[in-house]
Colleague: 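My questions will all concern the structure given below.
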Amino acid sequence: MSSKPLSADWQARAGQVSIPGQAFIDGKYVNALSGATFDCISPIDGRLLGAVASSQADDVDCAVASARKAFEDGRWSQQSPASRKKVLLRFADLIRAHAEELALLETLDVGKPITHSLRVDVPASARCIAWYAEAVDKLYDEIAPTGPGALAMITREPIGVVGAIVPWNFPLIMASWKLGPALAAGNSVVLKPSEKSPLTAIRIAALAVEAGLPDGVLNVLPGLGDPAGKALALHMDVDCIAFTGSTVTGKRMLEYAGQSNMKRVWLECGGKSPNIVMADCPDLDRAASAAASAIFFNQGEMCSAGSRLLVQESIRDELLEKVLAIARTLEPGDPLDPATTLGALVDDLQMRRVLGYIESGRSEGAVLRTGGNQVRQGTGGFYVQPTVFDQVSGTMKIAREEIFGPVLATMTFKDAAEAVRLGNDVIYGLAAAVWTRDITAAHRMARSLRAGMVYVNCYDADDITVPFGGFKQSGSGRDKSLHAFDKYTELKTTWVDLS
Ligand code: NAD
């Protein structure tokens, strides 16, 4: 066995990996028509990874025209489900075959630990594409029970050209959650990755074509939110926007649809999810460990992060000590070191935002129990310690706003009713958790919590078979599961008179 540390391998490979920097339109890599680019900076050490095409409105026009042509001539939309399945299964296989390259690009681009990119992001993305591929030739349409004088068929049709706009926290997974069901259903897609994380989206476009996806069916447009995302969302020939990102930008998507062609808009937006631990929690060690990973996994850059820990008064000290003990063992490290479990925040702006919230927690009177600082400054990267606040009140900014970083706000409650009231007292409704031995209380609270996902005696339990998405200002529509097909298909009634 080599005595060379594994991180040295990833470091060496990082120096050699080819950085994809062009848009992908009509089956070919191209520069932006204007020649504009933006810098792709690694948050690991602030190094310049490369220049990436900065798509503008004219590039959006080309990509949408190519997607429209592909859709209308039926090269993909009219293939049988079984044949689309074959192509998408090959696409998933190619993602797996390029796992190390994709994981390295993801880690360099967003600073998440290489072990997570390799073991979570890439396999989950491949599994997602494969799951929708497998599903699509098992879906039947409906015949309505109209009586003998008619045959009324209710069929699903692909919606047409889908604009997918995704964020940077799980670039490949978020893209796959859109691409899997949208492509399987027969649509053409124009994918706009975040300007903070364009690399894997650009790279997989070629893998999709290698798998047999016809040219024009998947186009990838790297670029800034405005103009690239805005032009896509305002485009008169885009039938649907599937968006994941912040609530502020999600609201803009609704406006753009209203200002243009009333395209369908599906939103997966922010969260401020309550993780509620009752005094009769069956296992405080497990609850503490889940509470820590609910906020520190992926550096807290998780829409479903359990960012508010609500603890029943009588167990507050015991639980909090356990969470603090875990938080103090977690130090941000080099994302290219396989032993690292906490990496860099995505960029300087996000780090300043997180540090700003930490400052606001302090100044509003919350008690900082651990963390709170930037670390590893010497690297040139953007790292923040796992941070835990205690004695947070429901009116503080750190209790109400999404921080999107490794910052936990701890609050206490007297009884289940107060826990539910506090839990629901934010604009978001993405996820929630309840820890209790009492099955009746668990069900009652799960029903009262206004959230798209409620976990009982666990946090962030996940599978492609279940829907993901939120109530309230966390969005509309669902990613994952068979329900995701609803976003990418139109229902048609065909009534045949038999009288
Ligand atoms: P963001 O809203 O800043 O950007 C998301 C995407 O929208 C990016 O591709 C960006 O370029 C684009 N965009 C920005 N401004 C735009 C505009 N005016 N017009 C069109 N497009 C525009 O969000 P972010 O910082 O990239 O991601 C973090 C957010 O994503 C958090 O709020 C997080 O909770 C949310 N998120 C939600 C889910 C979910 O499933 N609910 C999953 C992951 C992340």
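Numbering of ligands and ligand atoms starts at 1, following listing order.
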Colleague: Closest approach of Gly333 and Tyr383, non-hydrogen atoms and distance?
Modeller: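 Residues Gly333 and Tyr383, closest heavy atoms: O-CE2, 3.5 Å.
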Colleague: Can you give each donor-acceptor pair under 3.5 Å made by side-chain atoms of residues 214-225, sequence neighbours left out, with the distance rounded to 0.1 Å?
Modeller:
unit_1 : atom_1 : unit_2 : atom_2 : d
Asn219 : OD1    : Asp26  : N      : 2.9
Asn219 : OD1    : Ser66  : OG     : 3.2
Asn219 : ND2    : Gly216 : O      : 2.9

Colleague: Enumerate the residue pairs fulfilling ring pair (Phe, Tyr, Trp, His ring centres under 6.0 Å) with a member in residues 235-274, sequence neighbours excluded, ordered by first and then second residue.
Modeller: none
Colleague: For ligand 1, give me the residues whose heavy-atom distance to it is below 4.0 Å, by chain and number please.
Modeller: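 Within the 4.0 Å shell of ligand 1, which is judged on heavy atoms, sit Ile165, Val166, Pro167, Trp168, Asn169, Met174, Lys192, Pro193, Ser194, Glu195, Gly225, Gly229, Lys230, Phe243, Thr244, Gly245, Ser246, Thr249, Arg252, Met253, Tyr256, Glu268, Cys269, Gly270, Cys303, Glu402, Phe404, Leu430, Phe468.
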Colleague: Checking Tyr357 against Glu401: is there a side-chain donor and acceptor pair closer than 3.5 Å?
Modeller: yes
Colleague: Picking from Leu105, Ile204, Val122, Leu207, what satisfies side chain to side chain contact (heavy atoms under 4.5 Å, CB included) with His98?
Modeller: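 So, applying the side chain to side chain contact (heavy atoms under 4.5 Å, CB included) to His98 and each of Leu105, Ile204, Val122, Leu207, only Leu207 qualifies.
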Colleague: Can you list every pair that meets side-chain hydrogen bond (donor to acceptor under 3.5 Å, both in side chains) and has a residue in residues 199-208, with sequence neighbours left out?
Modeller: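 Every pair satisfying side-chain hydrogen bond (donor to acceptor under 3.5 Å, both in side chains) with a residue in residues 199-208: Glu101-Arg203, Glu106-Thr200.
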